[in-house]
Structures are given as structure tokens and as C-alpha cells.
Amino acid sequence: VESINISINGLGANALGIVLSPNHKKAYVVDGAGNGIIVVDLVTRAVQDAVLLEGAGVFDIDVTPDGAKAYVTSASLDGVIAIDLKRSPPIPQTFIPVGNLPIGIKITDNGRLACVANFSEQTASIIKLADQAVVKTVFVGQTPQYIAVKPNNKIAYVTTPSNNVIYQVNLNKRRPVFPPISLTTN
């Protein structure tokens with residue numbers, strides 16, 4: 001197993017979320033301790049850029065299918081920060097308020113929506129990316145954390161470790177699907 005040193009400008013102490021660019025040539029790493037994003041060139045295996053998001057309390061990241069923007073959850077600011085990846089270094093552009101203490105984020109494969117798990121609010125926020133705004137917030141149970149989206153862009157799955165279930169969110173109808181999926185075995 002080989003490692004890559006991802007320390008730059010005070011970032012790199014607490015790597016949390018990671019996502020690859022659509023062409024798999026870059027990795028975008030969330031640094032929770034330094035409050036920023038580190039861009040790693042996977043071809044040269046070196047840090048390429050860093051984006052400092054002072055005081056943002058960042059947790060997770062996802063990238064649009066075209067690779068033009070990254071969206072980062074900010075637990076300290078209760079929102080999502082959109083970052084322009086076409087520039088070097090990448091530049092924060094828009095702040096989108098969501099629920100309390102957002103942790104996980106996932107963008108649909110078609111790039112139209114993002115779903116955000118709001119840890120302290122028992123909700124998930126659905127963001128319409130073209131408008132850079134929340135279109136609906138839905139109940140998903142205690143302490144939601146991370147999200148996966150079906151490739152058909154219709155259903156998001158939200159982990160809720162406090163009650164050991166996965167909640168489903170119908171992204172088209174913008175409502176939860178009941179009952180949740182239990183992770184308890186018999």
C-alpha cells in the first residue's frame with residue numbers, strides 16, 4: 001500500500017471526505033481540521049491545489065458529473081459551499097443554506113440534484129443545483145449521516161446509525177419512502 005502526503009498550507013491533518021473527478025485524474029479531499037479542500041493530482045501523486053474555507057467545519061464533498069463544481073458540506077455554517085473547479089486554485093462561489101449540522105452530500109448522476117444529510121435535524125435537504133437552492137427538506141430519522149443515490153437518480157439512501165436503519169427519499173416526488181430499511185439481522 002502506497003500513500004500520498006496531502007499536507008499543504010496547514011491543511012491535511014484530518015482527511016474526512018473524498019471524491020474523484022469524473023475522469024479519475026484528481027481527488028478532492030475534505031480536511032476537517034484545517035477547514036478546506038485539498039486537490040490531489042492522481043497521475044503525478046502530488047498535491048495540486050488547496051482551498052481554505054476558514055471556520056466552515058467541512059465534512060463531505062461531491063463533484064458534478066461534468067467536473068465543473070464541487071459541493072462541500074459545512075457543519076459550522078449549516079450549509080453547502082459550491083466551489084468552481086475550473087479555476088486554479090478552485091474558488092468558492094455560492095453558499096446554500098440547508099438544515100442543522102449537514103454531514104453527507106451526494107449529487108445525482110444527471111447533475112440536477114444534490115441530497116444533504118442534516119445530522120442534528122433528522123432531515124435531508126434536496127438541492128436543485130441549477131437554482132443553487134433547497135427545493136425540499138424531508139424527514140429521515142435520527143442522526144442522518146451519509147447518502148448514496150441510485151444511478152436512475154430517483155432514490156437517495158440515507159444512513160441513520162442512531163436507529164440502525166436506512167431511510168429512502170424519493171427525489172422525484174421529494175418525500176420519504178416508508179418503511180425504512182432495517183439493518184438489524186435476526
Side-chain angles (χ1 to χ4, degrees), residues 14-19 28-37 51 53-65 69-83 92-186:
N14 189 22
L16 293 175
I18 185 171
V19 67
Y28 301 96
V29 181
V30 173
D31 182 326
N35 289 306
I37 307 302
V51 181
L53 302 168
E54 198 69 47
V58 293
F59 264 92
D60 200 12
I61 186 170
D62 206 0
V63 174
T64 55
K69 286 189 180 181
Y71 289 83
V72 182
T73 56
S74 169
S76 300
L77 302 175
D78 293 333
V80 171
I81 301 167
I83 298 173
Q93 285 187 314
T94 308
F95 178 78
I96 305 164
V98 294
N100 193 3
L101 198 64
I103 301 290
I105 185 167
K106 184 64 180 154
I107 297 171
T108 58
D109 286 347
N110 62 13
R112 293 184 181 151
L113 301 173
C115 193
V116 179
N118 302 309
F119 183 84
S120 295
E121 203 171 82
Q122 301 181 359
T123 63
S125 297
I126 301 169
I127 298 171
K128 186 175 180 183
L129 296 180
D131 297 340
Q132 301 286 287
V134 172
V135 292
K136 182 79 174 190
T137 299
V138 299
F139 172 81
V140 291
Q142 294 179 321
T143 63
Q145 291 188 13
Y146 294 100
I147 298 174
V149 175
K150 282 183 94 168
N152 67 7
N153 305 302
K154 293 180 181 178
I155 302 289
Y157 297 91
V158 184
T159 61
T160 58
S162 292
N163 52 8
N164 208 27
V165 299
I166 297 172
Y167 278 86
Q168 300 170 83
V169 176
N170 184 315
L171 296 173
N172 292 336
K173 296 180 180 179
R174 298 188 171 117
R175 65 178 186 217
V177 176
F178 290 102
I181 301 167
S182 173
L183 298 176
T184 306
T185 58
N186 293 334

Derivation of the side-chain contact (heavy atoms from CB on, under 4.5 Å) call for Q168 and R175: CA-CA 9 Å; Q168 300 170 83; R175 65 178 186 217; over 6 Å; no

Derivation and outcome, side chain to side chain donor-acceptor pair (under 3.5 Å), residues N118 and T137: CA-CA 9 Å; N118 302 309; T137 299; 5.3 Å; no

side-chain contact (heavy atoms from CB on, under 4.5 Å) between Q132 and Q93, intermediate numbers included: CA-CA 11 Å; Q132 301 286 287; Q93 285 187 314; over 6 Å; no

Steps toward side-chain contact (heavy atoms from CB on, under 4.5 Å) verdict (D62, Y71): CA-CA 6 Å; D62 206 0; Y71 289 83; 5.6 Å; no

Derivation and outcome, side-chain contact (heavy atoms from CB on, under 4.5 Å), residues I81 and L53: CA-CA 9 Å; I81 301 167; L53 302 168; 4.3 Å; yes

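E121 places a side-chain N or O within donor-acceptor distance of the main-chain N or O of N100, the cut-off being under 3.5 Å. Judged purely by atom type and a 3.5 angstrom limit, D78 uses its side chain to pair as donor or acceptor with the backbone of L101. Using a distance-only test at 3.5 Å, with no hydrogens or angles considered, no donor-acceptor pair links the side chain of D31 to the main chain of G36. N153 places a side-chain N or O within 3.5 Å of a backbone atom of N110 that can act as its donor or acceptor partner. Proximity of a side-chain donor or acceptor of T159 to a complementary backbone N or O of Y146 within less than 3.5 Å is detected. Under a 3.5 Å cut-off, the side chain of S182 and the backbone N or O of T184 do form a donor-acceptor pair. Side chain of S74 to backbone of V58: no donor-acceptor contact under 3.5 angstrom is found. T73 contributes no side-chain N or O that, together with a main-chain N or O of V80, makes up a donor-acceptor pair within less than 3.5 Å.
Rounding to the nearest 0.5 Å gives a distance of 15.0 Å between CD1 of I126 and CZ of R112. One finds the OG1 atom of T108 at 12.5 Å from the CD1 atom of I155 (value rounded to the nearest 0.5 Å). Taken to the nearest 0.5 Å, the OG atom of S162 stands 6.0 Å off from the CZ atom of F119. In this structure, the separation between OG1 on T143 and CD1 on I103 is 9.5 Å, given to the nearest 0.5 Å. The CG atom of N35 lies 6.0 Å from the OG atom of S76; values are rounded to the nearest 0.5 Å. In this structure, the separation between CZ on F139 and OG1 on T123 is 9.5 Å, given to the nearest 0.5 Å.
At least one side-chain heavy atom of P161 sits less than 4.5 Å from a side-chain heavy atom of Q145. Side-chain contact check for I37 versus I61: some heavy-atom pair is nearer than 4.5 Å. Using a 4.5 Å cut-off on side-chain heavy atoms (C-beta onward), Q142 and T160 make no contact. D60 is not listed as a side-chain neighbour of V72, based on a closest heavy-atom distance of 4.5 Å or more. Between V30 and I18, every side-chain heavy-atom pair lies at or beyond the 4.5 Å cut-off. Y28 has its side chain within reach of V63: a pair of non-hydrogen atoms, C-beta onward, lies under 4.5 Å apart. You'll find the side chain of L113 stays beyond 4.5 Å of the side chain of I107, heavy atoms only. Counting heavy atoms from C-beta outward, K154 and L171 have side chains that stay 4.5 Å or more apart.
Considering all non-hydrogen atoms of both residues, C115 and A124 come closest at SG-CB, 4.0 Å. The shortest non-hydrogen separation linking N163 to G141 is ND2-CA, 4.4 Å. Listed here is the closest heavy atom pair of V135 and K128: CG1-CB, 3.6 Å. Between P151 and D109, the closest heavy-atom pair is CA-OD2, 3.3 Å. The heavy-atom pair separating G104 from I147 by the smallest distance is O-CD1, 4.0 Å. In plain terms, the two heavy atoms of A114 and L129 that are nearest each other are CB-CD2, 3.9 Å.
Using cut-offs of 30° and 60° for the angle between ring planes, the F178 and Y167 rings count as perpendicular.
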